[in-house]
Asker: 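Let me give you the structure first, and then I'll get to my questions.
Note on naming: letters A, B, ... go to the chains in the order of the sequence lines (proteins, then strands), and numbering restarts at 1 for each one.
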There are 2 protein chains.
Amino acid sequence: MDLPPDAFARECASRVVLDRIGDRWTVLIVVALADGAIRFSQLRSRIEGITPKVLTQTLRALERDGVVTRTVFAEVPPRVEYELTELGRDLLAPIDAIRIWAEQHAARIVANRGRYDVAADRLRARS
Amino acid sequence: MDLPPDAFARECASRVVLDRIGDRWTVLIVVALADGAIRFSQLRSRIEGITPKVLTQTLRALERDGVVTRTVFAEVPPRVEYELTELGRDLLAPIDAIRIWAEQHAARIVANRGRYDVAADRLRARS
DNA sequence: CGGAATCCCTTAGGATACTG
DNA sequence: CAGTATCCTAAGGGATTCCG
């Protein structure tokens with residue numbers, strides 16, 4: 001199977017990889033790692049609303065993919081740091097572009113939603 | 001509330017918008033719309049594995065956000081076309097960058113996963 | 001053709017509590 | 001500090017059928 005990669009194809013590897021982006025926390029975590037190594041609890045407090053369990057899960061998946069590294073320091077109290085690999089840094093650029101897009105257009109999108117919902121309500125009222 | 005937008009903040013609008021990206025199909029749909037207007041059934045066949053229900057759902061959400069337009073032609077048989085708005089085209093660039101990243105690095109990531117799983121198995125066997 | 005309507009089920013992920 | 005361990009439900013999404 002040396003076909004050109006096609007994310008639209010169900011079984012294509014790139015599709016499998018895309019599924020990882022399509023999770024609620026990956027984008028935020030990768031962006032949070034943009035500035036270099038960071039500890040578990042720092043991540044946790046930076047990303048509002050994430051629970052330790054889900055943070056661990058997502059970090060493990062990212063580590064498995066080779067996007068982040070996990071380094072345990074034999075100290076007490078324990079310290080664990082996460083850092084983007086080169087692969088992860090390659091991913092950072094497009095992901096951060098999305099974050100920026102979201103922040104730039106958020107207000108407009110929320111407004112769009114409001115207008116859409118009002119219009120939908122009107123339609124329903126007429127039927 | 002005119003704070004700078006911060007995707008890490010739970011209640012920030014940009015976080016809400018990011019949640020839309022964090023769904024399995026949005027990325028593929030937006031990419032599929034890259035080349036201009038396209039019909040429902042074309043989308044459906046282009047994106048392997050999506051069911052009509054989910055395609056409709058996701059398209060409606062995108063329409064609500066003002067990312068795509070939906071145009072119904074009064075013909076028989078009916079024809080409905082979807083197209084990116086300007087907002088959608090702005091989103092396309094970063095999203096497509098992610099698709100390209102995925103296609104470029106898919107093989108490596110799959111290999112990483114394999115290695116990780118083997119290592120994890122070894123660790124479990126020792127305990 | 002382009003959906004809407006149902007039914008159903010897996011599972012991501014939230015809350016909470018505990019541990020090396 | 002950096003996680004596990006449980007428990008649990010909200011909902012994303014699949015399969016199927018029907019409609020204008």
Asker: If Ile, Leu, Val, Met, Phe, Trp and Tyr residues are connected whenever their side-chain heavy atoms lie under 4.5 Å apart, and connections chain through other members, are V72(B) and L43(B) in the same group?
Answerer: yes
Asker: Quick one: list whatever passes side chain to side chain donor-acceptor pair (under 3.5 Å) with R46(B), sequence neighbours left out.
Answerer: none
Asker: Walking along DNA chain D from 5' to 3', note the first and the last nucleotide with an atom under 4.0 Å from a heavy atom of chain A, and give both.
Answerer: dC1(D) to dC7(D)
Asker: With a 4.0 Å heavy-atom cut-off, tell me which residues in residues 54-61 of chain B come close to DNA chain C, sorted by residue number.
Answerer: T56(B), R60(B)
Asker: Apply salt bridge (charged side-chain N to carboxylate O under 4.0 Å, His left out) to R60(B) and list each qualifying residue two or more places apart in sequence or on a separate chain.
Answerer: none
Asker: Any pair with a residue in residues 26-44 of chain A that passes side chain to side chain donor-acceptor pair (under 3.5 Å), sequence neighbours left out, goes on the list, sorted by first then second residue, please.
Answerer: D23(A)-T26(A)
Asker: Kindly calculate the angle separating the two end axes of the helix from dC1(C)-dG20(D) to dG20(C)-dC1(D), each obtained from five base pairs, and round it to 10 degrees.
Answerer: 60°
Asker: Name the first nucleotide and the last nucleotide along DNA chain C (5' to 3') that come under 4.0 Å of a heavy atom in chain B.
Answerer: dC1(C) to dC7(C)
Asker: With sequence neighbours excluded, what pairs up with E86(A) under the salt bridge (charged side-chain N to carboxylate O under 4.0 Å, His left out) test?
Answerer: none
Asker: Mind checking what makes salt bridge (charged side-chain N to carboxylate O under 4.0 Å, His left out) contact with D6(A), not counting sequence neighbours?
Answerer: none
Asker: Which ones in residues 34-42 of chain B lie close to DNA chain C, meaning a heavy atom under 4.0 Å from one of its atoms?
Answerer: R39(B), F40(B), S41(B)
Asker: Using the salt bridge (charged side-chain N to carboxylate O under 4.0 Å, His left out) criterion, which residues pair with E103(B)? Sequence neighbours excluded.
Answerer: R99(B)
Asker: Tabulate below the donor-acceptor pairs under 3.5 Å that side-chain atoms of residues 109-116 of chain B make, not counting sequence neighbours, or state none.
Answerer:
from: N112(B); atom 1: OD1; to: R115(B); atom 2: NH2; distance (Å): 2.9
from: N112(B); atom 1: ND2; to: D65(A); atom 2: O; distance (Å): 2.9
from: N112(B); atom 1: ND2; to: R108(B); atom 2: O; distance (Å): 3.4
from: R113(B); atom 1: NE; to: D65(A); atom 2: OD1; distance (Å): 2.4
from: R113(B); atom 1: NH2; to: D65(A); atom 2: OD1; distance (Å): 3.3
from: R113(B); atom 1: NH2; to: D65(A); atom 2: OD2; distance (Å): 3.2

Asker: Taking side chain as C-beta onward, heavy atoms only, is L33(B) less than 4.5 Å from V68(B)?
Answerer: yes
Asker: Any side-chain heavy atom of F8(A) within less than 4.5 Å of one from E48(B)?
Answerer: no
Asker: Could you say whether G22(A) or P77(B) is positioned toward the 5' end of DNA chain C, judged by the nucleotide with the nearest heavy atom to each?
Answerer: P77(B)
Asker: Classify R79(A) by what it touches in the nucleic acid, base, sugar-phosphate, or nothing, heavy-atom distance under 4.0 Å.
Answerer: sugar-phosphate
Asker: Any non-hydrogen side-chain atom of T69(B) less than 4.5 Å from a side-chain atom of E63(B)?
Answerer: no
Asker: Just checking P78(A): base, sugar-phosphate only, or nothing, at a heavy-atom cut-off of under 4.0 Å?
Answerer: base
Asker: Does a side-chain heavy-atom distance below 4.5 Å link E81(B) with I38(B)?
Answerer: no
Asker: Less than 4.5 Å apart, any side-chain heavy atom of L55(B) and any of F40(B)?
Answerer: yes
Asker: Quick one: label R24(A) by what it contacts on the DNA or RNA (base, sugar-phosphate, nothing), any heavy atom closer than 4.0 Å.
Answerer: sugar-phosphate
Asker: Quick one: label F73(B) by what it contacts on the DNA or RNA (base, sugar-phosphate, nothing), any heavy atom closer than 4.0 Å.
Answerer: nothing
Asker: Please say yes or no: joined through hydrophobic side-chain contacts below 4.5 Å, possibly via intermediate residues, are I100(A) and V30(A) part of one cluster?
Answerer: no
Asker: Just wondering, do I21(B) and L91(B) contact through their side chains at under 4.5 Å, heavy atoms?
Answerer: yes
